[in-house]
Amino acid sequence: MEEMKDRIRIPGVTYQGDDRKLKERIFKFKAGSFRIAVFTLVGLFMGFYSDTYVRDTFFPTKLITAVPYKIMEAIYQSVLPVQNPIPPDMRGWTWNMIFPYSYVANLLAEPLTTVLIGGALYGSLGYFTGDKRVFTLQRFLKFAGCWCMVILLVIGAAFGFNAGAEAANEKFGKIEDFFFYREDGSGFSGKYGIPELTEEDFYQGFAPGDVVRDRNGELPLGIYFDGGMRYGLYRIHYEKQYVVTEQGKVYHISEEFVRYVKDEIESNSRNR
């Protein structure tokens with residue numbers, strides 16, 4: 001054993017570095033990381049309230065506040081435009097929302113995407129104000145890449161939820177409420193306009209039908225499903241008692257349902 005120790009000679013190395021520079025970099029890294037975290041939290045907060053820019057009358061703060069929301073709008077309306085199935089002159093309830101079918105998808109788009117964009121923007125600002133020797137471009141690219149990945153996952157999930165809701169609308173489901181449209185484009189909620197109307201009235205005698213459609217006599221019919229988390233837009237003909245899905249499938253509806261709705265529409269038309 002002693003002979004082996006004698007054979008192994010470990011060279012002594014003297015540390016030539018400057019402890020003060022090393023300590024300075026560690027201090028700047030900790031301080032910079034804390035600053036980035038604070039900037040990111042502020043950005044998340046600003047993103048959540050970004051939609052309030054429309055009520056701000058002071059232009060500098062209005063501009064700063066609007067940036068995350070405007071980027072979110074550009075993504076969902078220009079880069080990856082969402083198709084709204086309702087004509088502009090016939091939009092009732094919640095149709096100021098981005099996604100036409102899914103409430104969950106709208107939450108992912110606004111406020112979540114806006115919040116994440118705000119965090120990414122302000123976090124990047126905190127990164128650029130740090131010491132360039134510590135917070136290098138390579139580190140920033142990793143930082144930005146992580147944010148982009150998270151935002152893209154949320155965007156993909158939003159479109160996925162909306163597509164899933166659109167497909168589910170063809171199968172109908174548990175009805176929460178109806179939204180009826182008149183010929184002039186105005187509308188009213190079944191829950192408040194026709195409180196005696198029930199889900200059973202709609203599904204009574206509900207079955208696929210083979211009828212010649214009269215498109216001139218059809219009106220839009222909005223239906224909220226699953227506690228209002230999903231929305232479908234259909235076409236309904238009260239005289240011929242049928243409803244048409246967005247993909248063109250035709251179903252017969254009950255006379256009881258039609259009677260309730262026609263009475264309400266005619267009563268409102270006389271009183272207007």
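Taking the six-membered ring for Trp and the full ring otherwise, F180 and F188 have centroids separated by under 6.0 Å. For Y231 and F179, the ring centers sit 6.0 Å or farther from each other. In this structure, the ring of Y103 has its center no less than 6.0 angstrom from the ring center of F225. Aromatic pair F206/Y251: ring centres closer than 6.0 Å.
Within 6.0 Å of the CZ atom in F161, the count of heavy atoms belonging to other residues, nucleotides or ligands does not exceed 12. Other residues, nucleotides and ligands contribute over 12 non-hydrogen atoms within 6.0 Å of the OH atom of Y53. Within a 6.0 Å radius of CZ in F48, no more than 12 heavy atoms belonging to other residues, nucleotides or ligands are found. Heavy-atom contacts from other residues, nucleotides or ligands closer than 6.0 Å to CD of E255 number 12 or fewer. More than 12 heavy-atom neighbours from other residues, nucleotides or ligands sit within 6.0 angstrom of CD on E196.
Summarising the geometry of A105 relative to A158, their closest heavy-atom pair is CB-O, 3.2 Å, with the distance given to 0.1 Å.
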**Q.** Stepwise side-chain contact (heavy atoms from CB on, under 4.5 Å) check, F202 with L197
**A.** CA-CA 8 Å; F202 180 76; L197 189 67; over 6 Å; no
(Q) Walk me through whether F172 and Y234 qualify under ring pair (Phe, Tyr, Trp, His ring centres under 6.0 Å). (A) CA-CA 10 Å; F172 293 85; Y234 305 89; 4.9 Å; yes
Worksheet item: Run the side-chain contact (heavy atoms from CB on, under 4.5 Å) check on Y101 and N169 step by step: do they pass?
Response: CA-CA 8 Å; Y101 302 110; N169 286 344; 3.2 Å; yes
* Candidate pair V115 and M46, rule side-chain contact (heavy atoms from CB on, under 4.5 Å), full reasoning -> CA-CA 7 Å; V115 167; M46 293 290 287; over 6 Å; no
T113 vs Y76, test: side chain to side chain donor-acceptor pair (under 3.5 Å). Steps then yes/no.
CA-CA 10 Å; T113 303; Y76 290 110; 2.9 Å; yes
_With side-chain contact (heavy atoms from CB on, under 4.5 Å) as the criterion, how do L221 and L233 come out once you've worked through the C-alpha distance, each side chain's angles and the decisive distance to 0.1 Å?_
CA-CA 6 Å; L221 169 65; L233 179 70; over 6 Å; no
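The pair R235-E246 does not meet the salt-bridge criterion, since no charged nitrogen lies less than 4.0 angstrom from a carboxylate oxygen.
Sorted by first and then second residue, the salt bridge (charged side-chain N to carboxylate O under 4.0 Å, His left out) pairs involving residues 54-79 (not counting sequence neighbours) are K70-E73.
Just one of H237, R215, R213 meets the side-chain contact (heavy atoms from CB on, under 4.5 Å) condition when paired with V244; it is R213.
Under the 3.5 Å distance criterion, the side-chain polar atoms of S254 are matched with a main-chain donor or acceptor of D201. In this structure, the side chain of D177 does not engage the main chain of Y224 through any donor-acceptor pair within 3.5 Å. Under a 3.5 Å cut-off, the side chain of N162 and the backbone N or O of F99 do not form any donor-acceptor pair.
Looking at residues two or more places apart in sequence or on another chain, you find a salt bridge (Lys or Arg N to Asp or Glu O under 4.0 Å) between K174 and E199.
Within the model, atoms NZ of K249 and NZ of K171 stand 8.0 Å from one another, a figure rounded to the nearest 0.5 Å.
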